[in-house]
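Report on the following structure.
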Amino acid sequence: MDVDESAEPLIAGYDGVVCDLDGVVYRGADAVHGAPEALQHMVARGIRVVYATNNASRVPAEVAAQIAGIGAPAAASDVVSSAQAGAARLAGQLDEGAAVLALGGDGVVEALRDAGLRPVSLDDHDGGVGLDGVKAVLQGLGRNLRVRDFETAARLLTAGLPWVATNDDATLPLPWGQSPGNGAYVDLLAAALRRRPEVVGKPHPPLYRLALERLGTSAPRTLAVGDRIGTDIVGAEAAGLDSAWVLTGVDRPSDLVASESSPTYVLTSLAQLLQPYAVPVSDAGGWQCGGARVTCEGAALSVEQGSAGPIEAVRAGLAALLSLRDEGAPREQLRREARALDRLLDDSPPPTR
Ligand SMILES: [Mg+2]
């Protein structure tokens with residue numbers, strides 16, 4: 001859609017939202033400030049919301065319980081997982097009831113079953129299916145997987161069976177830091193097998209297609225909201241959806257200018273979907289947004305925030321730097337200049353961070 005400043009809240013241009021979770025709705029066990037209330041307001045306005053998650057290890061009911069626990073509206077049917085997208089992909093190419101090796105946790109097993117397939121683990125209780133009866137492999141993160149599960153998968157995949165991975169995130173954030181994510185375990189098999197799976201989770205389009213199906217909204221009237229540029233924003237662009245990049249997660253303006261992405265909107269937090277959106281506009285030698293103005297000498301950024309909030313200055317600064325990026329300016333130089341925008345956000349008091 002065309003983006004115009006108006007008195008209407010940003011969300012008025014949309015019927016549905018594909019919402020990321022960690023860094024957008026919650027961070028670990030805590031709600032992102034204002035996010036549950038904003039989601040309640042949107043649902044009360046008649047906006048459809050689904051939560052799209054690459055996390056394939058948990059079942060949707062468990063994810064929905066966490067969302068509802070912080071006061072946001074959520075039923076299990078509002079959660080779209082990469083395991084469901086993977087199971088749907090396989091259900092489209094296999095006979096109903098076909099046996100599929102569930103190389104993952106409960107989320108993978110349940111998604112296969114719900115898609116009309118037969119999840120098997122080829123453990124001691126494989127129900128007599130045996131290797132010959134298995135028609136495909138669905139790989140998602142499972143924290144109880146053992147080396148021999150990967151050996152079984154390798155044996156099946158060597159025979160050329162279809163191989164779908166829920167997601168290829170290299171890391172899994174845990175309270176102490178970064179643990180190997182499903183992508184690391186995909187790489188482990190890929191290194192041995194010299195083939196790679198089809199991947200359905202963000203930033204790949206199948207998860208977004210499933211989310212649209214669940215919402216029942218058209219792509220031009222659906223907004224994808226996320227905090228990670230490499231998954232949420234790249235994925236929205238690949239799926240042909242408008243995107244709102246929220247700054248409550250890990251990625252900062254200096255990460256955006258080093259990427260290839262241009263989100264449709266840049267927001268302090270999810271709650272800004274309920275406010276009018278001030279669009280950055282170029283003027284002679286600079287960019288304005290709200291009351292903020294940014295000028296560029298070469299790539300050197302000069303920011304006058306004026307009476308505007310930090311987010312308006314950040315939008316103006318990003319508009320300037322992204323237009324230089326698209327003209328081929330060196331990424332490292334842009335990243336250096338964008339650190340002034342990172343600081344603007346990081347120095348602003350909560351809850352606007
Ligand atoms: Mg996230």
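Computed from a prediction, not measured in an experiment: that's the story for all the values here. Each residue takes its place number in the sequence, starting with 1. Counting starts at 1 for both ligands and their atoms, in listed order.
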Taking atom types as modelled and ignoring hydrogens, do the side chains of E297 and S302 form a donor-acceptor contact shorter than 3.5 angstrom? no

G104 to L145 - nearest heavy-atom pair and separation: N-CD2, 3.7 Å

Can you get from I47 to L215 by hopping between Ile, Leu, Val, Met, Phe, Trp and Tyr side chains that sit under 4.5 Å apart? no

Under a 3.5 Å distance rule, please check whether D232 uses its side chain to pair with a backbone N or O of D227 as donor and acceptor. yes

Salt bridge D346-R252, side-chain N to carboxylate O under 4.0 Å: yes

Is a salt bridge present between D78 and R214, judged by a nitrogen-to-oxygen distance below 4.0 Å? no

With a cut-off of 2.8 Å, how many protein N, O or S atoms neighbour the Mg ion (ligand 1)? 3

